[in-house]
Asker: 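Handing you a structure now.
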Amino acid sequence: TTSYNPAAPRPMDEVRENMLERARQPRNPFNFTNFEEVAPVIKGLQSTDRDAWAVAFSALAAPYEEKAARAEEAGDAKEAKENFLIAYDYHHVARYPAANSPGKLDSYRRSQENYLSAARYFDQPITRVEVPVPAASGDPAIWFYRRPTGVERPPVVVTWGGIDSFKEERHQDAQYLDAGLATLAIDMPGVGDAPISGSKTGERLWDAIFDWIDGQPDLDNTRVGIAGGSTGGYWATKVAHTHRDRICVAVNHGGPAHYAFTPEWIARAQRGEYPLELAETLASAFGLSTYDEWVEYSPQLSLLDQGIINEPCAPLLLLNGVNDSVFPIADMHILLEHGDAKQARFSQGAHMGGGGLGWAGLAWLKQHLLGEAV
């Protein structure tokens, strides 16, 4: 049982404290922001009203958009990139955690514009790819493709985040590129530019992804890895089972599997380390909106109850912190107890376990895709 009503809005003083601490570290969603600028905005917010939140943080982006434009005119690529990234990140904070209101959606589109403007100056530029998805009836999927310099037919790692970290936040992809791996940054079902919502069958999105890779003669489609973070780790685990014949290796970095979908855990996690309403944000990725809707819907997502984790799977690495209050470490344990043998590395950290585990994931991918010893 909990000492609070998990369906009630989180007290604003808790939200402020959490967001200030994240901005100070800095930690998602504060990747390129200035603490001295965001702190007064956080302290001044009186609620988590979505559109008011979007307006407050997006306003911080305007001076940096102007600086970036002036730098471009002057031919200063370094200054332009830095200011476009800061502007992107203020719009990113504005749409955080989900683009689930008109104001937040507008901030998301503006964050994308600034990110792609900055990406023109990356060492390995981004190619924006639009691909029709047969499983979707609406807009095409939009992915970001990058190639390592000087590598012919490189292996490729498909990467994605969770409910609040979209393809624009795949900043660690530079590590893959430096290792000689191409990257395809996508949005998991239900977020960003994904053309389908999350569901029991959301893994069908990856059919189109692997088909696209197969159609690229300059990629080695026999050496494909996947890496999903946070809620995205759920899809990495599922795809490692359902599409095991199309990949070589998979990483689940901090994802749920079974216990996270129980009413007991949902209530407990609602006031854990996640700064806003966790259940409602998860719900938004599955076409839902309220706490009660998530409690009713989510048990059907259990990979144990679906029988998925008893099936064979591609080599799968599990990463997380044992003190995760977003998704229980027991979900990693249950994956180790079922199906094919897997590898795992846990830390004493909280959700995602800290930065060191990301390096473990990179080493795992390099071992399987490049034949490098760990």
Side-chain angles (χ1 to χ4, degrees), residues 9-74 76-122 161-172 174 191-192 230 273-277 281 350-352 354-355:
R10 189 161 194 167
M12 193 60 199
D13 59 342
E14 291 185 16
V15 174
R16 286 196 199 94
E17 181 180 356
N18 191 306
M19 293 297 286
L20 282 169
E21 182 57 28
R22 284 171 174 257
R24 189 178 289 112
Q25 290 179 359
R27 179 185 173 197
N28 183 44
F30 303 97
N31 298 312
F32 303 100
T33 57
N34 298 314
F35 179 76
E36 293 76 14
E37 292 180 333
V38 295
V41 176
I42 296 171
K43 293 175 182 177
L45 287 170
Q46 299 304 307
S47 74
T48 56
D49 177 81
R50 293 168 182 172
D51 287 343
W53 180 288
V55 168
F57 287 107
S58 274
L60 297 174
Y64 294 97
E65 291 171 325
E66 295 171 2
K67 289 179 183 179
R70 289 197 298 269
E72 276 197 320
E73 290 178 4
D76 190 335
K78 181 176 182 293
E79 185 75 7
K81 182 179 78 169
E82 289 177 355
N83 284 282
F84 276 130
L85 285 173
I86 295 172
Y88 140 75
D89 208 21
Y90 280 130
H91 289 306
H92 166 218
V93 176
R95 70 91 180 143
Y96 182 85
N100 52 4
S101 75
K104 283 184 176 286
L105 181 59
D106 179 66
S107 293
Y108 177 46
R109 296 308 178 201
R110 294 168 71 184
S111 76
Q112 289 182 305
E113 292 170 3
N114 281 280
Y115 183 72
L116 288 172
S117 293
R120 294 197 295 263
Y121 304 105
F122 290 176
I163 53 173
D164 58 32
S165 182
F166 305 163
K167 61 187 174 299
E168 294 79 18
E169 283 73 65
R170 300 296 88 206
H171 307 302
Q172 73 273 26
V191 305
S230 191
E273 64 191 272
Y274 199 74
L276 300 166
E277 283 75 39
T281 309
H351 184 52
M352 306 287 284

Asker: Are H91 and E65 side-chain neighbours, meaning at least one heavy-atom pair lies under 4.5 Å?
Answerer: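 Contact flag for H91/E65 side chains = yes.
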
Asker: Answer yes or no: is there a side-chain heavy-atom contact under 4.5 Å between N83 and R70?
Answerer: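 No. Closest side-chain heavy atoms not under 4.5 Å.
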
Asker: Treating E79 as the side-chain partner and A77 as the backbone partner, does any N or O pair qualify as donor plus acceptor under 3.5 Å?
Answerer: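 Looks like no, no N/O pair under 3.5 Å.
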
Asker: Can you say whether the rings of Y88 and Y115 are parallel (under 30°), tilted (30 to 60°) or perpendicular (over 60°)?
Answerer: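 Ring orientation of Y88 relative to Y115: tilted.
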
Asker: Hey, what do you get for CG (D89) to OG1 (T33), rounding to the nearest 0.5 Å?
Answerer: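 Nearest 0.5 Å value for the CG-OG1 distance: 5.5 Å.
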
Asker: With distance as the sole test, does K104 use its side chain to make a donor-acceptor pair with the main-chain N or O of A94 at under 3.5 Å?
Answerer: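 Pair found, side chain donor or acceptor close to backbone of A94.
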
Asker: Look only at the side chain of R95 and the backbone of D164, and say whether a donor-acceptor pair between them is shorter than 3.5 Å.
Answerer: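 Such a contact is found between R95 side chain and D164 backbone.
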
Asker: Donor-acceptor pair, distance only, cut-off 3.5 Å: does the side chain of D49 make one with the backbone of A52?
Answerer: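 Confirmed, D49 side chain pairs with A52 backbone.
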
Asker: Does the R16 side chain pair with the main chain of L45, one donor and one acceptor, at a distance under 3.5 Å?
Answerer: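 A pair under 3.5 Å: yes.
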
Asker: Give the C-alpha distance, both sets of side-chain angles, the deciding distance and a yes or no for salt bridge (charged side-chain N to carboxylate O under 4.0 Å, His left out) between E82 and K78.
Answerer: CA-CA 6 Å; E82 289 177 355; K78 181 176 182 293; 2.7 Å; yes

Asker: How about F166 and S111: do any of their side-chain heavy atoms sit closer than 4.5 Å?
Answerer: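 A side-chain contact under 4.5 Å is absent here.
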
Asker: With side chains defined as the heavy atoms from C-beta onward, is the minimum distance between Q112 and E168 less than 4.5 Å?
Answerer: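 They are in contact (side-chain heavy atoms under 4.5 Å apart), so the answer is yes.
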
Asker: Could you check whether any side-chain N or O of Y64 sits under 3.5 Å from a backbone N or O of Y90, counting only pairs where one atom can act as donor and the other as acceptor?
Answerer: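 Checked: no pair found.
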
Asker: Show me the pairs that pass ring-ring contact (aromatic ring centres under 6.0 Å, His included) and involve residues 26-53, at least two apart or across chains.
Answerer: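 Passing the test, one end in residues 26-53: F32-H171, W53-F57.
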
Asker: Within 45° of the axis and under 6.0 Å from the centre of the six-membered ring of Y96, does NZ or CZ of R22 qualify?
Answerer: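 No - R22 does not lie over the ring of Y96 by the 6.0 Å and 45° rule.
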
Asker: Looking at P275 and V15, what are the two nearest heavy atoms and their distance?
Answerer: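 The pair with the smallest heavy-atom distance is O-CG2, 3.6 Å.
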
Asker: I need the S58 OG to R110 CZ distance, nearest 0.5 Å.
Answerer: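 It comes to 5.0 Å.
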
Asker: Less than 4.0 Å between a side-chain N and a carboxylate O, is that true for E17 and R10?
Answerer: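 Looking at R10 and E17, the cut-off is not met.
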
Asker: So which heavy atom on A118 is nearest to which on F84, and how close?
Answerer: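 So the minimum-distance heavy-atom pair works out to CB-CB, 3.6 Å.
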
Asker: Decide, yes or no, whether a salt bridge links E21 with R24 under the criterion of side-chain N to carboxylate O below 4.0 Å.
Answerer: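 A salt bridge links E21 with R24.
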
Asker: Compare all side-chain heavy atoms of D51 with those of P102 and state whether any distance is below 4.5 angstrom.
Answerer: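 SC-SC contact between D51 and P102 confirmed.
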
Asker: Rounded to the nearest 0.5 Å, how far apart are NZ of K67 and CD1 of I86?
Answerer: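 Nearest 0.5 Å value for the NZ-CD1 distance: 7.0 Å.
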
Asker: Looking only at atom types and distance, does a side-chain atom of H92 sit under 3.5 Å from a main-chain N or O of P29, one as donor and one as acceptor?
Answerer: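 Here the side-chain-to-backbone pair exists.
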
Asker: Of all heavy-atom pairs between A87 and A61, which one has the smallest distance, and what is that distance?
Answerer: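 Heavy-atom minimum between the residues: O-CB, 3.6 Å.
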
Asker: Got a salt bridge between R27 and E273, using NZ or NE/NH1/NH2 to carboxylate O under 4.0 Å?
Answerer: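 Yes.
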
Asker: Just verifying a value: how many Å separate N18 CG and L276 CG, rounded to the nearest 0.5 Å?
Answerer: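 It comes to 7.5 Å.
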
